[in-house]
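Okay, so here's the structure we're looking at.
Counting starts at 1 for both ligands and their atoms, in listed order. These numbers come from the heavy atoms of this one structure, side chains and all, not from hydrogens, waters or symmetry mates. Position 1 is the first residue of the sequence, and the numbers go up from there.
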Amino acid sequence: MEKRFKKRSSLLMFFLKGSKRFFIACMISGALMALLDLVNPRIIAYTVDAVIGEEEANIPSFLTGLIASIGGEDFLKTHLYVIALVILGVALLSVISRYFFRLFNAKGGEKLVCNMRDTLYDHIIHLPVKWHNENQTGDIIQRCTSDVDTVRRFLSDQMTNLVRVIILIVLSIAFMLNINVKLAMIAISLVPVIIGYSLIFHRKIGASFQKVDDMEGRLSAMVQENLSGVRVVRAFGKESYERERFGKANEKYCGMWIRLMQLLSFFWASGDVVSGTQVMLVVAFGAAFCVRGELTTGELIAFISYNAMLTWPVRSLGRVISEMSKAGISIDRIRYIMNSEEEVDREDAGEADMRGEIAFNNVSFSYPINENEDNSGSDKKKEEAKETKPEEKKYTQVLDNVSFTIPAGSTIGILGGTGSGKSTLIQLLDRLLEIDEENKCSGSITIGGKDIRDIKRSFLRKNIGIVLQEPYLFSGTLAENIAITADSIDMDNVKAASKVAALDEAIEKFTKGYETYVGERGVTLSGGQKQRTAIAQMLLREPPIMVFDDSLSAVDAETDVKIRSALKEKSKGTTTILIAHRISTLMHADKIIVLDHGKIVQEGTHDELIGQEGLYKKIFMLQRPA
Ligand SMILES: Nc1ncnc2c1ncn2[C@@H]1O[C@H](COP(=O)(O)OP(=O)(O)OP(=O)(O)O)[C@@H](O)[C@H]1O
Ligand SMILES: [Mg+2]
């Protein structure tokens with residue numbers, strides 16, 4: 001598949017939609033600022049030479065006429081305030097253009113960031129689960145925050161100034177040449193040295209910036225992981241270990257920054273020496289030319305002002321270039337996300353009879369092994385790795401030639417040890433994972449006779465209700481969480497679903513009932529309460545296919561029975577998949593399959609299975625009350 005954004009510039013142009021006009025307006029204001037900055041030295045030179053002194057005026061002809069009409073230099077000599085007013089006027093215009101420069105800059109920058117974040121977020125939530133499995137959350141967050149900010153800073157701080165910098169460089173050189181060619185040559189001679197030096201330097205620091213950025217991504221990932229797993233860290237008393245691990249990475253990161261800053265300081269300091277030398281040469285030669293009468297005092301003053309105007313832009317050109325390398329890396333990191341393919345349905349994908357039979361036909365599935373633990377690297381690094389050794393990608397097989405059918409409206413139980421591939425099976429059914437033949441997977445899954453790859457994902461997922469093994473609650477009230485997939489909260493339905501999930505009693509014990517705030521900043525629910533919330537959430541949707549992935553593991557046996565009998569009532573006509581470790585949970589299923597290391601080892605009803613020697617009977621005997 002062809003990459004969507006082959007070049008950095010194409011991605012930038014894509015993100016600039018909506019903010020481009022502000023940046024253009026900002027550049028125009030910047031150009032105006034530069035032009036106005038260039039006017040004052042000429043006014044001062046004219047005042048010193050022609051008004052106060054007796055030299056010939058060196059000003060454009062249209063101004064000569066204008067000055068003559070108000071009484072010429074003689075008039076100005078006695079009315080110096082007129083010149084002061086003109087300078088004030090120029091300053092005022094400069095202030096106004098500076099105001100618009102900032103305003104458009106801020107507007108453009110914020111619009112750009114807003115657009116980038118929105119686009120990235122929208123893209124990321126549409127990326128396949130496989131992609132999320134392969135990329136660290138912390139690193140993705142860093143790409144969406146700090147890398148986005150680097151790009152914004154580059155565009156609004158550096159690129160918008162570029163026009164201004166170029167105008168200042170070109171016009172100040174032109175004015176200097178106009179004042180005195182010889183002195184201008186001396187001033188310009190060091191410009192290539194300064195620019196060349198910046199360029200060499202920028203190459204050098206580019207690589208360092210990339211390393212620092214990658215390291216920052218790794219740090220964010222570490223923090224994110226530790227915060228999510230804070231309870232585990234506490235429970236195992238791993239604080240000092242984690243602290244040390246973070247400390248080491250942090251120290252490395254700080255060290256990298258310090259080295260980078262040392263390089264930068266050296267650059268700015270040595271740059272100061274070069275530009276200081278240039279100023280010294282201009283002042284020394286200028287003074288000599290003045291004494292020799294080749295230059296007037298006013299011209300020397302103007303020349304020195306123009307020279308000062310030249311040094312800043314020339315040096316900031318180096319800055320633009322160095323920031324460009326930093327921004328380039330950030331753009332690459334964002335491009336990696338934007339070039340990852342979203343889930344797209346086949347063109348002819350449609351709907352299917354979801355109340356039909358479900359069949360797994362010779363399904364084999366492998367997970368790619370993520371050998372490269374550090375996957376925070378840049379797009380380029382990853383691409384190189386992919387291009388150079390594609391055959392070395394390793395896989396671990398989780399499902400091996402699994403075939404079974406679930407007749408419409410029946411209940412199937414899946415029993416199997418941890419890691420036997422039960423959850424994988426369910427994720428394949430919901431197409432959270434794909435049977436991707438390129439990745440050592442094979443076989444097919446059909447619902448109502450239709451291959452699930454020919455069914456629209458949104459349709460499929462809407463009709464399969466899964467209670468995930470690890471339920472996740474969003475920050476919000478309990479009612480909001482239960483009705484998360486509904487367009488509006490219908491309390492009667494919410495209560496009915498909670499009743500079936502045996503959650504109602506627990507909820508009524510909370511002082512705020514269904515309005516209890518849960519999630520990260522709210523009440524922490526127990527494991528069983530969370531599971532039951534997830535069950536209620538699914539029941540509210542009344543999907544034709546219901547899947548319980550070990551969803552009753554955290555509830556006591558009594559509640560388990562209660563939920564199952566309520567479900568039985570509710571789920572008439574629905575195809576149900578029950579995954580469990582506890583035989584009592586699934587013994588009443590119409591059919592039970594036993595999975596062991598990715599293979600179906602037994603299949604039948606409870607009575608059939610306890611009648612034969614095998615894993616099922618072994619587990620049954622183990623779980624039988626003594
Ligand atoms: N995203 C993944 N990447 C690589 N391997 C994975 C991934 N998810 C699961 N596995 C591996 O696949 C195997 C099957 O996992 P699965 O979650 O399907 O097991 P399970 O039968 O649901 O186990 P449990 O009863 O503990 O929930 C395990 O060995 C697991 O380590
Ligand atoms: Mg599982």
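Heavy atoms of Gln427 stay at 4.0 angstrom or farther from ligand 1. Put simply, part of Gly417 is less than 4.0 Å from ligand 1, judged by heavy atoms. The closest approach between Gly416 and ligand 1 stays at or above 4.0 Å for every heavy atom of the residue.
The pair Glu239-Arg231 does not count as a salt bridge, with every side-chain nitrogen at least 4.0 angstrom from each carboxylate oxygen. A salt bridge does not link Glu351 with Lys456: every distance from a Lys NZ or Arg NE/NH1/NH2 to an Asp or Glu carboxylate oxygen is 4.0 Å or more. Contact check on Arg218 versus Asp139 returns no salt bridge, with no Lys/Arg side-chain nitrogen under 4.0 Å from an Asp/Glu carboxylate oxygen.
Of the candidates His581, His597, Gln469, Glu470, Gln469 brings a heavy atom nearest to atom 27 (O) of ligand 1. By heavy-atom distance, the residue among Ser366, Ser423, Gly419 lying nearest atom 28 (C) of ligand 1 is Gly419. Comparing Leu399, Ile369, Val398 against atom 13 (C) of ligand 1, the shortest heavy-atom distance belongs to Val398.
Here Gln469 reaches the Mg ion (ligand 2): one of its N/O/S atoms is less than 2.8 Å from the metal. Using a cut-off of 2.8 Å, one finds that Ser423 contributes an N/O/S atom close to the Mg ion (ligand 2).
No more than 12 heavy atoms of other residues, nucleotides or ligands sit less than 6.0 Å from atom OH of Tyr121. Counted within 6.0 Å of CD on Glu251, heavy atoms from surrounding residues, nucleotides or ligands total 12 or fewer; the atom is thus considered open. Surrounding NE2 of His132 are more than 12 heavy atoms belonging to other residues, nucleotides or ligands, all under 6.0 Å away.
Numbered from 1 in the order shown, with element, the atoms of ligand 1 that lie under 4.0 Å from a heavy atom of Thr418 read 23 (O), 24 (P), 25 (O), 26 (O). Listed by atom number, the atoms of ligand 1 under 4.0 Å from Thr424 heavy atoms are 14 (C), 15 (O), 16 (P), 18 (O).
Of all protein heavy atoms, the one closest to atom 25 (O) of ligand 1 is Lys422 NZ, 2.6 Å. For atom 1 (N) of ligand 1, the closest heavy atom belonging to the protein is Asn133 ND2, 3.3 Å. Closest to atom 10 (N) of ligand 1, if we only count protein heavy atoms, is Tyr367 CE1, 3.2 Å.
The ring of Tyr367 has its center no closer than 6.0 angstrom to the ring center of Tyr395.
Of the listed residues (Leu428, Ile452, Asp451), just one forms a side-chain contact (heavy atoms from CB on, under 4.5 Å) with Ile435, and that residue is Leu428.
Less than 4.0 angstrom separates atom 7 (C) of ligand 1 from at least one non-hydrogen atom of the protein. There is no protein heavy atom less than 4.0 angstrom from atom 31 (O) of ligand 1.
Ring-plane geometry between Phe360 and Phe404 is classed as parallel, the angle between the planes falling under 30 degrees on a 0 to 90 degree scale with a further cut at 60. Under the 30°/60° scheme for interplanar angles, the aromatic rings of Tyr616 and Phe620 are found to lie parallel.
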